[in-house]
Every structure is written in structure tokens, then in C-alpha cells.
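Reviewing the structure listed below.
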Amino acid sequence: MPRGAARVGAFALAVVLLTAGCTDKGHSDKASDLKDKASACVKALRIVDLVPDPKKAEDYEKKGKELRELSKTVRDRDVAKAMRQVAHQYGMARTEAARDFGRVAVWVKGTVTNIKALKKVCA
């Protein structure tokens, strides 16, 4: 075999060996996880109201249920936890709206904090 052909053969073998890992399942899993997270975040941020209103208690119960269900489908633990926290705040809307104004203000502040946490893990 001529010297040039041996070099080309060795180079081709090196390229094949080096690129073999590019189709590694770990890389595709990471890509899938990122897609899963992005999709879940888009859905969650469409559900939440960025300015909570305790007068919408019935609406928040429905949204809380949607967020809980969505959180069960997300593989990213931080995103799922943030969704559950907002869902929990939404679940408290009716109770807090029935209480005095001070409790409503605390509920709004807690809800805003949890929405900010959701936005942060989704960024």
C-alpha cells in the first residue's frame, strides 16, 4: 500500500472513531430533556397570570389543576417543583380571598414570588 493511502486510511479511521460518540444516546437525551423543559415552561407560563387577582379564585383552581398535571410530565425537577408551588398558591386563592385584606396581600406576594421562581428556572 502506498504511503499516501495509508495516511488517508489512518485519518479516515481516526475521524470515524472520534465522531462515533457524537450520536451517543446521552447527547440525544440531553436534547430531549431541554426540549421537554422548554415545552413545559411555555405551557406553564401561558397558564399563569403574571399579576395575580384573588377575585379570580375559581379560575385559579382550574389553572392550579392544569399546572399540577403539567408538573407530573416534566423531567426537570426544578421546573416541576416551581409549577407545583404556583399551583399550591392558586389552590389557596379562594380561601385567602375570603379572609381579610392583609391575607390577600400575603397571598398575592407569595404567588408573585412563586411565579418569579418559575420564570427563573425556565430561563
Side-chain angles (χ1 to χ4, degrees):
M1 181 182 321
R3 227 180 212 175
R7 285 186 186 161
V8 170
F11 177 74
L13 179 62
V15 169
V16 168
L17 291 174
L18 290 173
T19 59
C22 291
T23 58
D24 186 5
K25 181 147 174 61
H27 292 292
S28 82
D29 286 347
K30 283 183 181 179
S32 177
D33 288 349
L34 286 174
K35 182 181 174 190
D36 173 65
K37 177 181 175 180
S39 174
C41 284
V42 167
K43 289 176 186 176
L45 292 171
R46 284 184 180 160
I47 293 170
V48 301
D49 288 348
L50 299 180
V51 180
D53 181 357
K55 294 177 185 172
K56 297 180 179 179
E58 287 183 33
D59 189 35
Y60 287 138
E61 286 180 14
K62 178 183 169 205
K63 289 180 180 210
K65 184 177 180 181
E66 286 179 58
L67 285 170
R68 271 188 217 90
E69 292 301 315
L70 183 59
S71 74
K72 293 176 185 175
T73 66
V74 182
R75 285 180 268 198
D76 187 295
R77 291 180 183 176
D78 294 332
V79 173
K81 180 181 177 185
M83 287 180 189
R84 287 190 306 272
Q85 288 173 329
V86 174
H88 176 73
Q89 286 293 129
Y90 278 2
M92 294 173 28
R94 183 179 299 236
T95 305
E96 298 304 323
R99 294 184 181 185
D100 63 29
F101 185 75
R103 294 294 305 163
V104 170
V106 170
W107 175 82
V108 169
K109 183 178 179 184
T111 303
V112 168
T113 299
N114 286 330
I115 291 170
K116 283 181 182 179
L118 176 62
K119 288 169 64 177
K120 184 177 179 180
V121 297
C122 286

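For the single chain, residues carry numbers from 1 onward in sequence order.
- For the atom pair NE2 of His88 and OG1 of Thr111, the computed distance is 9.5 Å after rounding to the nearest 0.5 Å.
- For Lys62, the side chain to side chain contact (heavy atoms under 4.5 Å, CB included) criterion is met by Glu66, not counting sequence neighbours.
- Scored by the side chain to side chain contact (heavy atoms under 4.5 Å, CB included) test, Lys116 finds Val112 as partners (sequence neighbours excluded).
- The shortest heavy-atom contact between Tyr60 and Pro52 is OH-CA, 3.2 Å.
- Taking every heavy atom of both residues into account, Ala87 and Gly64 meet most closely at CB-O, 3.3 Å.
- Here Leu67 contributes atom CG and Met83 contributes atom CE; the two are 7.0 Å apart, rounded to the nearest 0.5 Å.
- Note that CE of Met92 and CD of Gln89 are 5.0 Å apart. Values are rounded to the nearest 0.5 Å.
- Lys37 contributes atom NZ, which lies 5.0 Å from atom CG of Asp76 (distance to the nearest 0.5 angstrom).
- Linking Ile, Leu, Val, Met, Phe, Trp and Tyr residues whenever their side-chain heavy atoms come within less than 4.5 Å places Leu45 and Tyr90 in a single cluster.
- Between atom CG of residue Asn114 and atom CZ of residue Arg84 there is a gap of 12.0 Å, rounded to the nearest 0.5 Å.
- Separating the NZ atom in Lys43 from the SG atom in Cys122 is a distance of 12.5 Å, to the nearest 0.5 Å.
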Quiz item: Please walk me through it: do Lys63 and Asp49 pass side chain to side chain contact (heavy atoms under 4.5 Å, CB included)?
Solution: CA-CA 9 Å; Lys63 289 180 180 210; Asp49 288 348; 2.7 Å; yes
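- Judged by distance alone, the side chain of Thr73 and the main-chain N or O of Leu70 form a donor-acceptor pair under 3.5 Å.
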